[in-house]
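Given the structure is predicted, the values throughout are model-derived calculations rather than measurements. Quick note: numbers below take in every heavy atom, side chains included, and nothing from hydrogens, waters or symmetry partners.
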Amino acid sequence: MFSLFKLWLLGSLFSIGLVQANEEVSLRLLEADSYRLQSASAKVVTEVSQFDKQQLKKKHRYNVYIRPERESLVVFKAQSELGQKMLMLGDNYWLLMPNSRRPIRITPMQKLLGEASVGDISTLTWSEDYQGELGEISVLDGVTALHLQLQAKTSGASYQKIDLWVDHRSNFPLKADLYLKSGKLAKQAYFEQGQRDGRTVVKTMTLVDSIQTNKSTVIDYESVQAHSLADKYYNPAYLSKQSLEQL
């Protein structure tokens, strides 16, 4: 029979193991994020292309301004969308139309183009929004991959659950299964490696519909540069009165 001391010791060792595992997941997520975003505050020029049976249907461009504390501003640059803006402040999202002074409340799952949602464009980090557990190691397209099982920290996260596979050695993101709050698989994401300023980065993210697999949306991160906007640009009341064509 276990003594009370042995039970306490086993519990302590178990707790230490959980802490170490959680720390490992956090570090791996930080490194995975670094391939997509190299600065805490940045301007990300993004081109989104919608495909059906590998045929290009539409293409739109967005300038995304990201800063810490889960805040971002998306400026629509396509000719058909000029004047539109989207603001994310934590769990709150607003769409601002050019002919309206009233910001419209939206959700992170609202579609922008094809399978790309507001959340897919406005948020680039997993380490801020998710906590996770270590899964199994497997081979994915010839790469030794580690499975990370992620759960959202907040109700405003784009997806409630994410199954993420990263390169076991480099933590470069390879694939992600993205789940809705209902538990339904919404879409799958695939990440393509590229080079920018002499370093390895995520060049594109391809989103594939979980049901209509012939439909896909490619998000191309054309440039990522350190950039900080003044606080006034993260105020919906201010944005409703500005065109922001210069951004």
Side-chain angles (χ1 to χ4, degrees), residues 14 17-19 21-33 35-37 48 50-52 69-72 74 86 88-95 104-141 143 145-168 171-192 202 204-219:
F14 180 72
L18 285 178
V19 170
N22 289 338
E23 288 180 350
E24 181 179 346
V25 172
S26 296
L27 291 173
R28 286 183 179 274
L29 288 179
L30 282 170
E31 192 164 1
D33 281 338
Y35 291 106
R36 300 199 293 168
L37 193 64
V48 181
Q50 181 185 7
F51 293 87
D52 189 350
E69 305 300 326
R70 302 175 62 238
E71 297 185 348
S72 62
V74 180
M86 196 284 300
M88 166 188 164
L89 299 177
D91 291 343
N92 300 305
Y93 294 77
W94 293 270
L95 178 65
I104 304 169
R105 286 272 191 171
I106 58 175
T107 72
M109 295 311 299
Q110 184 160 328
K111 294 292 182 69
L112 287 178
L113 180 66
E115 291 308 304
S117 68
V118 167
D120 294 323
I121 300 297
S122 63
T123 58
L124 289 178
T125 62
W126 292 300
S127 55
E128 279 192 296
D129 290 350
Y130 295 89
Q131 57 190 4
E133 297 179 358
L134 294 172
E136 297 181 349
I137 294 176
S138 60
V139 177
L140 190 64
D141 293 332
V143 178
L146 176 64
H147 179 201
L148 302 178
Q149 300 167 305
L150 309 183
Q151 289 287 339
K153 294 179 182 178
T154 69
S155 59
S158 300
Y159 304 98
Q160 189 64 30
K161 172 187 169 185
I162 297 178
D163 284 328
L164 175 66
W165 285 265
V166 299
D167 186 304
H168 184 252
N171 292 313
F172 184 89
L174 302 170
K175 173 189 172 184
D177 289 346
L178 309 170
Y179 293 86
L180 303 176
K181 291 181 179 180
S182 64
K184 177 184 177 182
L185 176 64
K187 63 192 88 164
Q188 293 181 306
Y190 299 88
F191 305 92
E192 181 182 342
V202 171
T204 64
M205 176 173 71
T206 299
L207 299 170
V208 179
D209 187 285
S210 61
I211 298 175
Q212 301 181 71
T213 55
N214 59 309
K215 294 185 177 182
S216 63
T217 304
V218 177
I219 301 175

Apply the test side-chain contact (heavy atoms from CB on, under 4.5 Å) to residues V25 and Q149: give CA-CA distance (whole Å), side-chain angles for both, the deciding distance (0.1 Å), then the verdict. CA-CA 9 Å; V25 172; Q149 300 167 305; over 6 Å; no
Heavy atoms of G132 and N22 approach each other most closely as O-OD1, 3.7 Å
Can a side-chain donor-acceptor contact be found between D120 and Y159 if the only test is distance below 3.5 angstrom? yes
Shortest non-hydrogen contact from A157 toward D91: N-OD1, 4.4 Å
Is S122 reaching over with its side chain to a backbone N or O of M88, donor-acceptor style, under 3.5 angstrom? no
For A116 and L207 the tightest heavy-atom approach is CA-CD1, 3.9 Å
So, for T107 and V118, which heavy atoms are closest and what is the spacing to 0.1 Å? O-CB, 4.0 Å
Main-chain N/O of A186 paired with S210 side-chain donor or acceptor, under 3.5 Å: yes
I need the full list of salt bridge (charged side-chain N to carboxylate O under 4.0 Å, His left out) pairs touching residues 128-138, with sequence neighbours left out, sorted by first then second residue. R70-D129
Please determine which of D141, V208, V218 meets the side-chain contact (heavy atoms from CB on, under 4.5 Å) test together with Y190. V208
Heavy-atom closest pair (P173 atom, L164 atom, distance to 0.1 Å) is CB-CD1, 4.4 Å
E192 and T204 side chains, donor-acceptor separation under 3.5 Å: yes
Is it true that a side-chain atom of T217 and a backbone atom of E115 form a donor plus acceptor pair closer than 3.5 Å? yes
Would you say the side chain of N214 lies within less than 4.5 Å of the side chain of F51, judging by non-hydrogen atoms? no
Those residues at least two apart in sequence (or on a different chain) that pass side-chain hydrogen bond (donor to acceptor under 3.5 Å, both in side chains) with N171 are R28, E31
Would you say I121 and V48 make side-chain contact, with heavy atoms under 4.5 Å? yes
Find the distance between NZ (K153) and OG (S127) and round it off to the nearest 0.5 Å. 7.0 Å
Return the CD to CG distance between Q131 and L29, rounded to the nearest 0.5 Å. 10.5 Å
Quick one: closest heavy-atom pair of Q160 and Y130, and the distance? O-CE2, 4.3 Å
Partner set under ring-ring contact (aromatic ring centres under 6.0 Å, His included) for W165, not counting sequence neighbours: H147
From S117 atom OG to Q110 atom CD, the distance as rounded to the nearest 0.5 Å: 9.5 Å
Heavy-atom side-chain proximity of L27 to E24 below 4.5 angstrom: no
Kindly check if the number of other-residue, nucleotide or ligand heavy atoms within 6.0 Å of NZ (K175) is above 12? yes
Which of L150, D177, L148 passes side-chain contact (heavy atoms from CB on, under 4.5 Å) with I162? Answer is L150
